[in-house]
Amino acid sequence: MSKQLLRCGTSIGANVKEAMRGQSKADFGAKMNIALKEANETEYWLEILQETAFLTQEQADSILSDCREILKLLTSIVKSTFTNK
């Protein structure tokens with residue numbers, strides 16, 4: 001589980017960084033959408049780690065709060081990118 005979390009968690013930043021150098025608005029949006037999907041998967045793995053007691057409630061609350069804030073930001077970016085063509 002921790003390897004999956006590491007993979008998808010670090011992929012968020014990698015895709016955002018790549019999106020910043022996107023060749024077009026569509027490319028930017030596509031990369032941000034991938035980052036959003038990876039953030040969603042990260043949330044899933046964090047929830048599993050919480051439910052299986054690999055994370056304390058305090059740890060899970062803190063990390064999940066940060067992850068959910070990233071999800072909100074990425075959702076907003078993706079929506080505005082694809083609706084403001």
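Quick note: residue numbers are just sequence positions, from 1.
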Rounded to the nearest 0.5 Å, what's the gap from [atom1] on [X] to [atom2] on [Y]? Could you check?
{"X": "F82", "Y": "M32", "atom1": "CZ", "atom2": "CE", "answer": "10.5 Å"}
{"X": "Q23", "Y": "K31", "atom1": "CD", "atom2": "NZ", "answer": "8.0 Å"}
{"X": "R7", "Y": "S2", "atom1": "CZ", "atom2": "OG", "answer": "12.5 Å"}
{"X": "E38", "Y": "N15", "atom1": "CD", "atom2": "CG", "answer": "6.5 Å"}
{"X": "C8", "Y": "N40", "atom1": "SG", "atom2": "CG", "answer": "9.5 Å"}

Residue pair Q4 / E41, side-chain donor-acceptor N/O under 3.5 Å: yes
Apart from M1 itself, which Ile, Leu, Val, Met, Phe, Trp or Tyr residues share its cluster (side-chain heavy atoms under 4.5 Å, direct or through members)? L5, Y44, W45, L46, I48, L49, F54, L55, I63, L64
Side chains of [X] and [Y]: closer than 4.5 Å at any heavy-atom pair?
{"X": "F28", "Y": "R21", "answer": "no"}
{"X": "D61", "Y": "Q50", "answer": "yes"}
{"X": "L36", "Y": "I70", "answer": "no"}
{"X": "T75", "Y": "K72", "answer": "no"}

Using only atom types and a distance under 3.5 Å, with no angle test, would you say the side chain of S62 pairs donor to acceptor with the backbone of Q59? no
Of all heavy-atom pairs between T81 and G29, which one has the smallest distance, and what is that distance? CG2-CA, 3.7 Å
Heavy-atom nearest pair, T42 first then C67, reads CG2-SG, 4.1 Å
Is I12 linked to M20 within one hydrophobic cluster, defined over Ile, Leu, Val, Met, Phe, Trp and Tyr using a side-chain heavy-atom separation of less than 4.5 Å? yes
Cluster link L73 to V16, ILVMFWY, side chain under 4.5 Å: no
Residues E47, R68: salt bridge by 4.0 Å N-O rule: yes
